[in-house]
Each structure stands twice: as structure tokens, then as C-alpha cells.
Student: 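Before we start, here is the structure in question, set down as C-alpha cells.
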Amino acid sequence: MSEPVITRFAPSPTGFLHIGGVRTALFNWLYARKHGGQFRLRIEDTDRARSTEAAIDAILEGLRWMQLDWDDEPVFQHSRASRHIEVAERLLAEGKAYRCYCTPEELAQMREQARAEGRPPGYDGRWRDRDPASAPAGIDPVIRFKAPRQGETVIEDQVQGKVTFANAALDDLVLLRSDGTPTYMLSVVVDDHDMGITHVIRGDDHLTNAARQAQIYAALGWQPPVFAHIPLIHGPDGAKLSKRHGALGIEAYRDMGYLPEALRNYLVRLGWSHGDQEIFSTEEMIELFDLPGINKAAARFDFKKLEALNGHYIRHAEDRALIGHLQALLPHLPDAPQLTQAQWQLLEKAMPGLKERAKTLVELWHSAAFLFAKRPLEMTPKAAKWLDEAGRAALAGVAVALRELQDWTLENIETAIRNYAEQADLKLGKVAQPLRAALTGTTVSPSIFDVLHVLGREESLARIADQLAPPQQPQG
RNA sequence: GCCCCCUUCGUCUAUCGGUUAGGACGCCAGGUUUUCAACCUGGAAAGAGGAGUUCGAUUCUCCUAGGGGGUGCCA
């Protein structure tokens with residue numbers, strides 16, 4: 001019987017939930033779900049000054065939107081401070097930690113000197129074995145961890161492989177600040193242990209931390225978790241993610257019209273692969289995801305590929321589901337109108353034709369604008385060109401045929417138009433484009449038969465009539 | 001400066017010593033077509049450089065270069 005897998009996502013609420021964090025959460029979620037384990041959430045808010053309520057909300061909301069559900073209540077790290085302090089004091093009592101009275105100035109000088117001499121930087125351990133009686137008055141000490149000075153610390157990382165650190169390069173880190181609050185390095189170890197975390201999957205910016213944490217685990221006599229440090233995500237230019245490209249909050253991706261399932265698919269393939277497979281349903285991801293498939297190199301964020309994937313997911317989505325997504329999205333779009341019940345129904349009716357052509361929900365929404373346009377329609381310049389003399393003649397001719405239709409069905413509409421084109425000796429395009437212009441005000445739309453069908457007899461004929469009415473004043 | 005990690009088409013990646021180095025996005029050309037997409041066919045496009053190990057290296061080792069991360073009383 002193997003122990004149940006428990007993973008966690010542990011963001012610090014000092015900013016928004018960015019794309020790299022989402023991927024880390026996704027990997028942890030996938031791994032837990034794959035093994036029938038738990039995926040826990042821990043808010044690392046030990047830095048009280050920089051943590052905000054808004055950031056916490058954004059993180060939770062972002063994970064919900066991505067449909068990465070977590071088990072149990074989130075743990076707020078700062079609420080566990082007394083336990084962290086208790087562990088630090090235990091280390092102190094066991095002689096595995098000590099009080100250090102260095103001032104910030106002293107520390108800065110120490111670093112500077114080490115650098116100047118080409119030595120590894122860091123605290124030199126000057127209070128490690130000093131008599132506490134020599135403590136200067138008026139200084140609140142920090143508690144430092146007595147890190148091993150000889151030998152090496154080895155991390156058997158599931159992604160990076162065996163990584164070895166010389167202990168001499170790892171200094172005595174601070175466990176408790178001079179104000180008595182615990183630091184991150186102590187808190188993670190204690191919380192991961194207490195929460196029973198078995199696998200720590202996180203960004204490789206934590207790789208060095210893993211070594212320090214391993215030392216703390218050892219000092220405490222605790223079993224460290226399995227580590228898997230995944231490579232970071234870079235911007236399209238290979239540099240660190242900045243606001244200009246990927247480092248947007250996850251809600252920005254929602255507002256750009258991406259589907260959570262598309263984002264999940266894109267993100268899982270960024271740094272992880274399963275042969276040549278590109279498309280993964282959530283079930284497949286859970287089944288196939290594994291640590292050995294994770295790449296070691298950093299990946300660049302590519303909007304084009306995300307967009308292609310998003311288009312795929314939109315095309316394959318249910319019409320109802322897309323309506324739901326749009327209803328959720330509209331309030332976040334600038335000057336988006338409130339649709340009536342009837343308009344939503346119209347939109348759903350048009351969805352099969354619309355979803356084939358959109359890469360994002362925003363695009364989908366814009367391409368649906370003709371449905372709700374007010375008569376008489378405004379023509380784009382290109383559309384107006386199709387309503388020249390010849391175009392209007394074709395339009396007038398086909399209008400007659402359409403008016404005669406008994407049943408306004410897709411089949412009847414198509415037959416009527418094809419018949420008219422044939423009888424008038426016109427290529428279908430010569431009829432379709434003027435129709436498209438009259439009905440949508442543009443030159444791009446779903447199939448013209450669809451457009452007529454979706455718009456309905458009355459509205460269609462009225463829009464056509466609008467363009468036929470002013471005989472001498474072509475608009476645009 | 002010091003420590004750690006990384007390096008296959010423009011991008012994401014496959015390959016786990018022997019392949020015409022494969023796929024996907026993007027790009028180009030063609031097809032299909034009522035527009036635009038979608039779709040189909042074809043094309044250009046890669047092992048950072050240098051030493052080894054080996055009958056044979058993209059694959060293993062080392063060096064160099066380049067990139068990234070860390071180096072806090074941040075997380």
C-alpha cells in the first residue's frame with residue numbers, strides 16, 4: 001500500500017495569479033488527480049505587509065475559472081505562525097539553531113566583502129558558536145538555522161535529476177525574524193510536513209531553496225517530500241515574463257476570450273509532452289500526465305499556438321456552452337450591451353456558423369454583431385462596393401425568388417439562391433456577396449444561407465429592401 | 001562575483017547510440033469554396049561551438065559560449 005499523494009499549490013498573495021503559477025497549479029492538480037490523491041491550497045502570506053485580500057481573491061477566482069478544484073479549505077500560512085515558532089524553538093533547544101545579533105548594516109558589509117574576495121556570499125556564521133552572554137544590548141536577535149558546513153546536500157529531483165550543493169555554499173538562514181515572525185523557509189517546511197504533502201511540484205526558481213529545506217527536514221528528523229522543479233515560462237522574446245506579454249493575471253486571458261480548457265491544454269504542453277500528442281481532454285491529461293515527461297528547459301509563451309488551440313476548442317464546443325461562456329465574458333468587455341432573452345436565442349441559433357470562424361470568444365462576439373445591428377445597416381467600404389449597379393441588380397433578382405419562398409428553411413433558401421444564380425447566369429459569388437453586404441454590412445460572415453436562415457424571413461427581406469430602396473444613392 | 005539549471009526547425013516538442021531527425025503552431029505554395037475561417041496536399045525550416053568515449057553520436061563525458069534561476073530578517 002503506497003501512501004496517498006498529496007500535492008499543493010502555494011502562491012503568495014502579493015500580486016495576481018500569473019500564467020506560470022497557473023501552470024504550476026495545473027501540474028500539481030493533475031498529479032494529485034491522477035493518483036487519486038489530494039490537491040491542497042496554501043496561501044503563503046507570512047509577509048503580512050505585502051499580502052492583500054484582493055490578491056487572495058484573484059488567486060481563488062482564477063483557479064476556479066480554470067476549474068482546478070482544491071481539496072479541503074485553503075491553509076493561510078500566517079495563521080500557523082505559532083506552530084512555526086514552536087518548531088524554531090525546538091531547533092534552538094536542540095542546539096540546531098542559534099540567536100544572531102547582527103545588524104542589517106553588518107550583514108550588508110559581510111556580503112560586500114565576500115563578493116570582493118570572490119567567496120560565496122552569505123552570512124558567515126559569526127554568532128553560531130558565540131557565547132550568548134556577549135549579546136549586545138538593545139538588539140532583537142533573529143534565530144538562524146545551524147546549517148551543516150561540511151559535505152553536500154543532494155536533491156533527487158524528479159525533473160532536474162540529481163542536483164548536488166556544497167554545504168559550504170549554503171549559509172545559516174534566518175528561521176525567525178527579529179520581530180519573532182517565521183520566515184518562508186521555515187514555514188514551508190513545517191506546513192508541508194504538517195499537511196502531509198508528499199510531492200512538491202513548483203517552479204525551478206525554488207531549486208536552491210529545496211537544498212536548504214532538505215537540511216531543515218534533516219535537522220527535524222522529518223521525511224522530505226518528493227521534489228519536482230519545473231522550468232519557468234518565458235515571454236516570447238525569451239526574457240522574463242513582463243507585463244507586455246505573458247505576465248498578465250489569469251483574468252486577462254479570460255477577458256481576451258480564451259477558454260479554460262484551451263488554456264489548460266496549452267499550458268500542459270508547455271514543458272510537458274506525451275509523444276506527438278497535441279490535444280488532450282482533461283481526462284486524458286489526468287491519465288497521461290507524469291513527472292518524467294516534464295522537460296528541463298524553460299519554454300516561451302506563444303500566443304499564436306494558444307490561439308490555434310483555442311479555436312479548436314471553440315469549434316468543438318457545444319453551442320450552449322459557448323453561450324454560457326459569452327454570458328460570463330460580456331460583463332468584462334468594454335461597452336458590451338446587455339442582450340435580451342430573444343437576442344441570446346438568436347445568438348445560439350447562429351452559433352454553429354459563428355463558432356467555426358472564431359479563435360477567441362471576443363472574436364466570436366464581434367462576428368456576431370450583424371445579428372443585432374439596427375436597420376438600415378451601415379456598410380463597410382468593401383461591402384458598399386458589392387452593392388454597385390450589378391450587385392443591386394442581382395440582389396433585386398434574388399429578392400424576388402426569396403420572397404416567393406413558402407417555408408424559410410435552410411434547404412429552400414439555398415435552392416432558391418442557386419436556382420436564381422443559374423437562371424441569371426451568374427456565379428454564385430456574384431449573388432452571395434451582394435446578399436452578404438446587404439444582410440451583414442460586411443464582406444465576411446458565416447455561410448450566406450445560414451445568415452438568411454438565422455435572421456429569419458422578415459428581417460432578411462427588410463435588410464435587402466433597405467439596400468434596394470434608395471436607387472440613386474449607394475452608401476459608403 | 002559565487003552556486004545551481006538549461007541549450008533539437010522562428011516557437012512548443014518527439015527521439016531514450018544506428019531515423020531521409022518526426023509532429024504541432026506560425027510561414028510559403030496549391031486544392032476545396034458564396035466571403036472568411038475550417039479542411040486537404042505540398043514546401044522552406046533544427047541538433048550552439050569545440051574536444052573526447054564509441055565501429056557509430058542529437059543522444060554519454062568534459063570544456064567554451066549563450067540563456068535562465070538563486071544568492072534577503074521576500075515568497
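Reminder, nothing fancy here: chain letters follow the sequence lines and each chain counts from 1.
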Student: Please pick, from A75(B), C6(B), U34(B), the nucleotide with the shortest atom-to-atom distance to any side-chain atom of Q160(A).
Tutor: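 Looking only at side-chain atoms, Q160(A) lies closest to C6(B).
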
Student: Answer whether the closest heavy-atom distance between the side chains of P225(A) and Y217(A) falls below 4.5 Å.
Tutor: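 Sidechains of Y217(A) and P225(A): in contact.
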
Student: For a quick test of reading the model: is some side-chain N or O of K296(A) closer than 4.0 Å to OP1 or OP2 of C5(B)?
Tutor: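 K296(A) to C5(B) OP1/OP2: no side-chain N or O under 4.0 Å.
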
Student: 5'-most contact on RNA chain B: R23(A) or D140(A), nearest heavy atom basis?
Tutor: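 The residue mapped nearer the 5' terminus is R23(A).
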
Student: Is there a Watson-Crick or G-U wobble partner for C9(B) with both distances under 3.5 Å, and which nucleotide is it?
Tutor: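 C9(B) is paired with nothing.
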
Student: On a heavy-atom basis, which atom in T183(A) and which in V174(A) lie closest, and how many Å separate them?
Tutor: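 Taking every non-hydrogen atom into account, OG1-O, 2.8 Å.
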
Student: Checking base pairs now: Watson-Crick or wobble, both atom distances under 3.5 Å. What partners U32(B)?
Tutor: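 WC or wobble partner does not exist here.
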
Student: Between the side-chain atoms of S178(A) and the base atoms of C73(B), is any donor-acceptor pair under 3.5 Å?
Tutor: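 Pair found.
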
Student: With P as the reference atom in both, quote the distance from G69(B) to G10(B) in angstrom, rounded to an integer.
Tutor: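 Roughly 23 Å separates the two P atoms.
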
Student: Among all residues two or more places apart in sequence or in another chain, which pass the salt bridge (charged side-chain N to carboxylate O under 4.0 Å, His left out) test with R50(A)?
Tutor: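 For R50(A), the residues satisfying salt bridge (charged side-chain N to carboxylate O under 4.0 Å, His left out) (neighbours in sequence not counted) are D47(A).
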
Student: Taking only residues two or more places apart in sequence, or in another chain, which ones meet E156(A) in a side-chain contact (heavy atoms from CB on, under 4.5 Å)?
Tutor: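 Residues passing side-chain contact (heavy atoms from CB on, under 4.5 Å) with E156(A): V154(A), K162(A).
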
Student: When every nucleotide of nucleotides 60-72 of chain B is labelled 5' to 3' by its protein contacts under 4.0 Å (heavy atoms), B for base, S for sugar-phosphate only, - for none, what sequence of letters results?
Tutor: --------SSSBS

Student: Please table the atom pairs, donor to acceptor, closer than 3.5 Å between any side-chain atom in residues 418-431 of chain A and protein atoms at least two apart or in another chain.
Tutor:
from: R418(A); atom 1: NE; to: E414(A); atom 2: OE2; distance (Å): 2.9
from: R418(A); atom 1: NH2; to: E414(A); atom 2: OE2; distance (Å): 3.1
from: N419(A); atom 1: ND2; to: T415(A); atom 2: O; distance (Å): 3.3

Student: Which one is paired to A21(B), where only Watson-Crick or G-U wobble pairs with both distances under 3.5 angstrom count?
Tutor: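 Pairing partner: none.
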
Student: Starting at the 5' end of RNA chain B, which residue's closest nucleotide do you reach first, Y266(A) or V163(A)?
Tutor: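 First, find each residue's nearest nucleotide; the 5'-ward one identifies V163(A).
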
Student: So, using ring pair (Phe, Tyr, Trp, His ring centres under 6.0 Å) as the criterion, who are the partners of F27(A) when residues are at least two apart?
Tutor: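 So F27(A) forms a ring pair (Phe, Tyr, Trp, His ring centres under 6.0 Å) with F289(A).
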
Student: Suppose the criterion is side-chain hydrogen bond (donor to acceptor under 3.5 Å, both in side chains): which pairs have a residue in residues 349-362 of chain A, not counting sequence neighbours?
Tutor: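 Listed by first then second residue: D319(A)-K355(A).
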
Student: Confirm from the modelled atom types if R436(A) and U34(B) form a donor-acceptor pair under 3.5 Å, side chain to base only.
Tutor: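 Checked by distance alone, the answer is yes.
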
Student: Which parts of nucleotides 37-49 of chain B does protein reach within less than 4.0 Å, heavy atoms only, written one letter per nucleotide 5' to 3' as B for base, S for sugar-phosphate only and - for none?
Tutor: BSS----------

Student: Now, which nucleotide makes the Watson-Crick or G-U wobble pair with A37(B), with each of the two distances under 3.5 Å?
Tutor: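 Paired with A37(B), as far as the under-3.5 Å criterion goes, is no nucleotide at all.
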
Student: Counting only Watson-Crick or G-U wobble pairs whose two distances fall under 3.5 Å, which nucleotide matches C60(B)?
Tutor: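 In the structure as shown, C60(B) has G52(B) as its Watson-Crick or wobble partner.
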
Student: Between U71(B) and A14(B), how far is it from one C1' atom to the other, in whole Å?
Tutor: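 Looking at atom C1' only, U71(B) and A14(B) are 36 Å apart.
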
Student: For residues 107-122 of chain A, which residue pairs qualify under side-chain hydrogen bond (donor to acceptor under 3.5 Å, both in side chains), counting only residues two or more places apart or in two chains?
Tutor: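 As it turns out, the side-chain hydrogen bond (donor to acceptor under 3.5 Å, both in side chains) pairs with a partner in residues 107-122 of chain A, which skip direct neighbours, are Q113(A)-E117(A), E117(A)-R119(A).
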
Student: Please tell me if T46(A) has a side-chain N or O lying less than 4.0 Å from either OP1 or OP2 of A75(B).
Tutor: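 Answer is yes, contact under 4.0 Å.
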
Student: Find the partner of U15(B): check Watson-Crick (N1-N3 plus N6-O4 or O6-N4) and G-U wobble (N1-O2, O6-N3) distances, both under 3.5 Å, and reply none if neither fits.
Tutor: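 Base partner found: none.
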
Student: According to the side-chain hydrogen bond (donor to acceptor under 3.5 Å, both in side chains) rule, which pairs have a member within residues 291-300 of chain A, sequence neighbours left out?
Tutor: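 Of all non-adjacent pairs touching residues 291-300 of chain A, none passes side-chain hydrogen bond (donor to acceptor under 3.5 Å, both in side chains).
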
